[in-house]
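Below: the structure, in structure tokens.
Numbered from 1 within each chain, the chains take letters A, B, ... in sequence-line order. Just so we're clear, the structure is a prediction, and the values are computed from it rather than from any experiment.
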Amino acid sequence: MALQTEALDAFRHRIARDEKRGMRTDVVVYASAAMLAQISQDLALEQAVNVATLPGIVGPSLAMPDIHQGYGFPIGGVAATDWDHGVVSPGGVGFDINCGVRGAATSLTESEVRPKLRELVDQVFRDVPCGAGADGPLRVSGKQLDEVLETGARWAVENGYGMERDLEYCEAAGCLAEADPAAVSARAKERGLPQLATLGSGNHFLEIQYVEKIHDPKAARVMGIEEGQVVVLIHCGSRGLGHQVCTDYLGQMGPAMKRYGIWIPDRQLACVPIQSPEGQAYLGAMRAAANFAWANRQAMLHYVRGAFQKTFSRSVRIDLIYDVCHNIAKRERHTVEGRKVDVLVHRKGATRAFPPGHRDLPQAYRAIGQPVLIPGSMGTASWILTGAQGAMRETFGSVCHGAGRLLSRTAARKGRDARQVRNQLEEAGIIVKAESRDGILEEVPEAYKDVDEVIEVVHQAGLARKVARLRPMGVIKG
Amino acid sequence: MFEILEHTADIGLRAWGATLQEAFENAATALSAIVVELDDIDPRIAYPIAASGDDDQSLLVNWLDEALYYLDARRIVLRRFRIEHFGDGRVAGQAWGEPRDPLKHRPKVIVKGVTYHQLKIEQRPDGWQVQVFLDI
């Protein structure tokens, strides 16, 4: 049965609650009409409908313009559940817990970096391990790993991988409280132990970019960026540790769900009450995995700083702009129909986008709103936005997370040659260094939606504001 | 016998067997083939492998999770799987492979997890077919 969508305005579409499908609420999709037609081609909207069946869901099941088919939840999906009476679903966070983006501004300009770009890319590639099976440069013991799981980015800073200032410029200061290392299985720890400070593969990347255009000079000034300036973007998550936490708890929740009498249409959406022992254990483990991801991105920034110093043989300042997560479930207080409620906001491929004035933001950003980092595909552009009041009113302070995939990996590889793609990118001024040839082919720009269209929707809908468009110069991939 | 399936952000596998047990063995081989080039693996060491589940679906997911654990955490690449016990919610057997050598075993993709998304286990006139999608 095809899903009926109804246009609310140019950028909002609704799938009305249908009790026959077990829906407890509406689905609201943020997209242009053209994008909606494309979105409807896979199972993404079906999955957003399934999310609407979660017990205790508050407000609509939300779909961002970069939505595409995921596992259980669509990627680009947001759902808030009542903290006291709702459920938590590991599928609403995903396998890559706290996959996120860290953006840092360097004290160099594009013209200063260009002549040494190849050298810089090679140095970063040497210093930050990526790809399948790469071991991290950072060896930790089992006891130290527990400290990482409890304290996140702070662990990295206290052990010499960064500076105190970095912590202030991370979502949640780079550490979720109430993380429970004991809720993380021995197997998850074993999988994660050698992977600290590694990039991973797939769509994860490390890019050297320059600011092509500033759209909001005031916000850009506060963030310390101007046109022509070189920035670094790191996109990765909690590696095997987070993947195993998700696997472990999905396995436990299937049988637990039966005990709690919960029915859901897709087993990958398995969920339990937040206030159940299983729910609390998952959240403790998920927070620990999130902290691992923050320590991971923090240590990687440290190695990137080192690579810049080595390449330019002089002091280069690299200041963190912000670090956001886009696969997470967080307890937050939101106003729903005029009432303040405590909810668990699941953001699966969605970024927090708190508006100006929000008390959870660092002092420096209170006036402009939270920086939101949106990585684009390999050869195109990335964006820096700020959260806007619309996100707080409509989407539990959330916005999109990327361009959104369009082609399968096979389709992306088909008829393309890695050398040819590399040459085309080099002609466009982009140097790519990847662990595998497939990694380059599968992430070709044509495999993704147009990131600018995605950004236009969230900007026009009032969820976030454009601040700067970034263009890649050097790409490091797994 | 198996094939690799793809759709947008997904990668999946479809495996067949005269028995369900054989389809499970082939599904694990397919998972290995997604992670690493099978021909590069010398199946010189036998490793024990076992899983349990509440039903056939969770048994299959948990069985593949075990194979993934070897590949991603233990850093052991596996080429052949043989199930010696199959039934009562439990599957157990052996897998043959060797420790991963980054120079010899060209990595392909990192599989994050095994999902229940569009998971299918079907009995057909000529045997069994299973379908599983993986998050990569």
Side chain / backbone / both / neither for [X] at chain A, heavy atoms under 4.5 Å:
X	result
B:Val61	neither
B:Val36	neither
B:Asn62	neither

Quick one: which of B:Asp65, B:Leu68, B:Asn26, B:Ile4 gives a side-chain contact (heavy atoms from CB on, under 4.5 Å) with B:Leu31? B:Leu68
Pair B:Gln94-B:Glu84, side-chain donor/acceptor within less than 3.5 Å: yes
Best-contacting candidate, B:Lys112, B:His117, B:Gln118, against chain A by heavy atom pairs under 4.5 angstrom: B:Lys112
Pairs of heavy atoms under 4.5 Å with chain A: top-ranked of B:His105, B:Gln57, B:Arg106: B:Gln57
Step by step, would you call A:Phe95 with A:His243 a ring pair (Phe, Tyr, Trp, His ring centres under 6.0 Å)? CA-CA 4 Å; A:Phe95 283 96; A:His243 309 163; 7.3 Å; no
Answer yes or no for A:Lys433 and A:Phe125: cation-pi contact, defined as NZ/CZ to six-membered ring centre under 6.0 Å and angle to ring axis within 45°. yes
Please look at A:Gln244 and chain B and tell me whether the side chain, the backbone, both or neither of the residue comes under 4.5 angstrom of a heavy atom of that chain. neither
Quick check on the 6.0 Å ring-centre criterion: do A:His401 and A:His235 meet it? no
